[in-house]
Peer 1: 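If you scroll down you'll find the structure; I have some questions about it.
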There are 2 protein chains.
Amino acid sequence: MTTDLDLVDGLVQLSFIVQSVVGRIAGRMELSVTQARMLAVLEDREIGMLELAGILELEKSSVTGLVDRAEQRGLVSRVPVPGNRRAVHVIVTPAGRSLAGEFRRAVRAEITAVTGSFSSGEQDRLSHSITALIYRYAASHAIPL
Amino acid sequence: MTTDLDLVDGLVQLSFIVQSVVGRIAGRMELSVTQARMLAVLEDREIGMLELAGILELEKSSVTGLVDRAEQRGLVSRVPVPGNRRAVHVIVTPAGRSLAGEFRRAVRAEITAVTGSFSSGEQDRLSHSITALIYRYAASHAIPL
DNA sequence: TATTGTTATACTCTATAACTATA
DNA sequence: TATAGTTATAGAGTATAACAATA
């Protein structure tokens, strides 16, 4: 029985724990956290380099290298955009999609191992609060969801 | 009015948001996230290179460079350990402590801007759940608190 | 022999600035 | 001129392996 952490400290500590889990799992697949994140983003949508840079909060030149390395490993492809010859879209390959799924499942397993002992009501309340936090942050930072 | 995120997805997304905030604030002070974290760790305690490596989850050789760069900026110092001539302790300097405080306050301000609109009861419940998560994780990973 | 830390080296990741090609 | 992307370059951060000094 210990005193609860301050909310800000708790959020920061928790973020380091989650990132540590994510980083360890990514590392096992020889992915950087950024690469794993890119694959997760591309699971849903097909986007250009600039948009990818925006989502990952990187410079466009950094995304060039990021996509280069993933493309060399056969995880993503650059495809031309019809009607705009200077643009490319990045798409995830079957191999990349498979790795993204493996990554997602591994993260889920490891985090669920910690959250799983919460009652289902407690999990729901926590999901609700976290969702609210994310939406409030997104609203105040003009982040598209 | 949207559906709540899945708990695992929410925790992962939230961790990226918090890390983004932390990274942006650290960047303004020309610190990497790891350097800021090191300063925060050293605010409380005076430890050796190996222990620091353990806390930051880095190899000891990486910590050599990390401490070198911080020492060159006058943020930390290596001091000898009485009674063990091969060991050193890393301590935060007044300048480093000042920067750590500035960092801590800036992070607090930005995160509080998001959490502040929660009712105090809601904040308490959230702190409680997050504290429980952190302790459960620490217990299952043999992390000293 | 084991422990604490550093050095040498190489690679990934990232940013800045300049560039190419297209709109 | 503006937009989408790449290239050239440099620096930070990290790891592995070998090393030095002390316990």
Side-chain angles (χ1 to χ4, degrees), chain A residues 16 19-20 22-39 41-42 45-73 75-91 99, chain B residues 16 19-20 22-39 41-42 45-73 75-91 99:
Chain A
F16 278 108
Q19 290 291 312
S20 166
V22 165
R24 190 157 357 100
I25 291 170
R28 286 207 300 259
M29 303 177 179
E30 303 195 84
L31 293 170
S32 69
V33 170
T34 304
Q35 280 176 323
R37 224 177 138 194
M38 173 178 68
L39 292 182
V41 166
L42 296 177
R45 30 192 168 169
E46 166 181 333
I47 56 182
M49 301 294 281
L50 279 178
E51 198 176 353
L52 192 51
I55 293 170
L56 300 177
E57 298 184 272
L58 295 173
E59 288 303 313
K60 57 185 180 173
S61 63
S62 303
V63 174
T64 296
L66 185 72
V67 171
D68 282 350
R69 291 185 292 272
E71 198 167 26
Q72 274 161 11
R73 279 180 64 184
L75 303 176
V76 306
S77 292
R78 285 173 169 92
V79 296
V81 175
N84 186 345
R85 282 190 303 169
R86 75 192 159 186
V88 300
H89 272 182
V90 187
I91 62 171
L99 198 59
Chain B
F16 279 107
Q19 290 292 311
S20 167
V22 165
R24 188 157 0 98
I25 292 169
R28 286 207 301 260
M29 303 176 179
E30 303 196 84
L31 292 170
S32 68
V33 171
T34 305
Q35 279 174 324
R37 222 178 139 195
M38 173 178 68
L39 292 182
V41 166
L42 296 176
R45 30 191 168 168
E46 168 183 332
I47 56 182
M49 301 294 281
L50 279 179
E51 198 176 353
L52 191 51
I55 292 170
L56 301 177
E57 298 184 272
L58 294 173
E59 287 304 312
K60 57 186 179 172
S61 63
S62 303
V63 174
T64 296
L66 185 73
V67 170
D68 282 350
R69 291 184 293 271
E71 197 167 27
Q72 273 162 11
R73 281 181 63 183
L75 303 176
V76 305
S77 292
R78 285 173 170 92
V79 297
V81 176
N84 185 348
R85 284 189 303 169
R86 76 189 161 188
V88 300
H89 273 182
V90 187
I91 62 171
L99 199 60

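Quantities reported herein were computed from a predicted structural model and do not represent experimental measurements. Reminder, nothing fancy here: chain letters follow the sequence lines and each chain counts from 1.
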Peer 1: Is there a side-chain contact between B:Arg85 and the phosphate of D:dA23, meaning an N or O under 4.0 Å from OP1 or OP2?
Peer 2: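 Answer yes for this pair, as a side-chain N or O of B:Arg85 is under 4.0 Å from OP1 or OP2.
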Peer 1: Could you tell me how far apart B:Gln72 (CD) and C:dT6 (P) are, to the nearest whole angstrom?
Peer 2: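 Result: 13 Å.
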Peer 1: When you match B:Gly65 and A:Arg78 each to their closest nucleotide on DNA chain D, which lands nearer the 5' end?
Peer 2: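 Its nearest nucleotide being more 5', the pick is A:Arg78.
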Peer 1: Closest-nucleotide mapping onto DNA chain C: is A:Glu57 or A:Asn84 further toward the 5' terminus? I mean the 5' end.
Peer 2: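 On the 5' side of the pair lies A:Glu57.
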Peer 1: Identify the heavy atoms of A:Ala26 and A:Ala36 that sit nearest to each other, and give their distance.
Peer 2: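 What the structure gives for the nearest pair is CB-CB, 4.3 Å.
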Peer 1: Which whole-number value in Å describes the distance from B:Leu66 CG to D:dA15 C1'?
Peer 2: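 The answer, rounded to whole Å, is 14 Å.
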Peer 1: When you compare the side chain of A:Val63 with that of A:Val90, does any pair of heavy atoms fall below 4.5 Å?
Peer 2: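 Answer no - side chains too far apart.
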Peer 1: Of the nucleotides C:dT14, C:dG5, D:dG13, which one has an atom closest to the side chain of B:Met49?
Peer 2: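 Looking only at heavy atoms from C-beta outward on B:Met49, the closest nucleotide is C:dG5.
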Peer 1: Could a donor-acceptor pair under 3.5 angstrom be found where the side chain of B:Arg86 meets the base of C:dT3?
Peer 2: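 Per atom types, the contact qualifies.
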Peer 1: Once you apply a heavy-atom cut-off of 4.0 Å, does B:Gln35 come out as touching a base, just sugar-phosphate, or nothing?
Peer 2: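 Sugar-phosphate, backbone atoms only, no base.
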Peer 1: May I have the distance from A:Lys60 (atom NZ) to D:dA2 (atom C1'), rounded to whole angstrom?
Peer 2: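 The distance from NZ of A:Lys60 to C1' of D:dA2 comes to 11 Å, rounded to the nearest Å.
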Peer 1: Would you indicate what A:Gly48 reaches in the nucleic acid, counting non-hydrogen atoms under 4.0 angstrom: base, sugar-phosphate, or nothing?
Peer 2: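 Result for A:Gly48 = sugar-phosphate.
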Peer 1: From the options A:Arg73, A:Arg69, A:Met38, select the one residue that forms a side-chain contact (heavy atoms from CB on, under 4.5 Å) with A:Leu31.
Peer 2: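 Running side-chain contact (heavy atoms from CB on, under 4.5 Å) over A:Arg73, A:Arg69, A:Met38 with A:Leu31 returns exactly one hit, A:Arg73.
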Peer 1: To the nearest Å, how far apart are B:Glu59 CD and C:dT4 C1'?
Peer 2: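 After rounding, the gap between these two atoms is 14 Å.
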Peer 1: Expressed as a whole number of angstroms, how long is the span from A:Asp68:CG to C:dT14:C1'?
Peer 2: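 Distance, rounded to whole Å: 14 Å.
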Peer 1: In whole angstrom, give the distance that lies between atom CD of B:Glu51 and atom P of C:dT3.
Peer 2: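 Distance, rounded to whole Å: 16 Å.
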Peer 1: Please determine, for the side chain of B:Val88, which listed nucleotide (C:dG5, C:dT14, D:dT6) has the closest atom?
Peer 2: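 The closest nucleotide is C:dG5.
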Peer 1: Tell whether B:Ser61 reaches the base of D:dT16 with its side chain through a donor-acceptor pair below 3.5 angstrom.
Peer 2: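 Result: at least one qualifying N/O pair found.
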Peer 1: Nearest whole Å is fine: how far is D:dA12 C1' from B:Met38 CE?
Peer 2: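 My rounded result for the distance is 13 Å.
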Peer 1: From D:dG5, C:dT12, C:dT6, pick the nucleotide closest to the side chain of B:Thr64?
Peer 2: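 Looking only at heavy atoms from C-beta outward on B:Thr64, the closest nucleotide is C:dT6.
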Peer 1: Between B:Glu71 and B:Arg78 (side chain of the first, backbone of the second, donor and acceptor by atom type, cut-off under 3.5 Å), is there such a pair?
Peer 2: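 Yes; judged by distance alone, with no hydrogens or angles, the pair exists.
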Peer 1: Compare every heavy atom of A:Val81 with every heavy atom of A:Val88, then report the nearest pair and how far apart it is.
Peer 2: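 What the structure gives for the nearest pair is C-CG2, 3.7 Å.
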Peer 1: Send over the distance from B:Glu71 CD to C:dT6 C1', rounded to a whole Å.
Peer 2: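 Atom-to-atom, B:Glu71 to C:dT6, this comes out as 13 Å.
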Peer 1: Kindly point out which of C:dT4, D:dT14, D:dT22 is positioned nearest to the side chain of B:Leu50?
Peer 2: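 Output: C:dT4.
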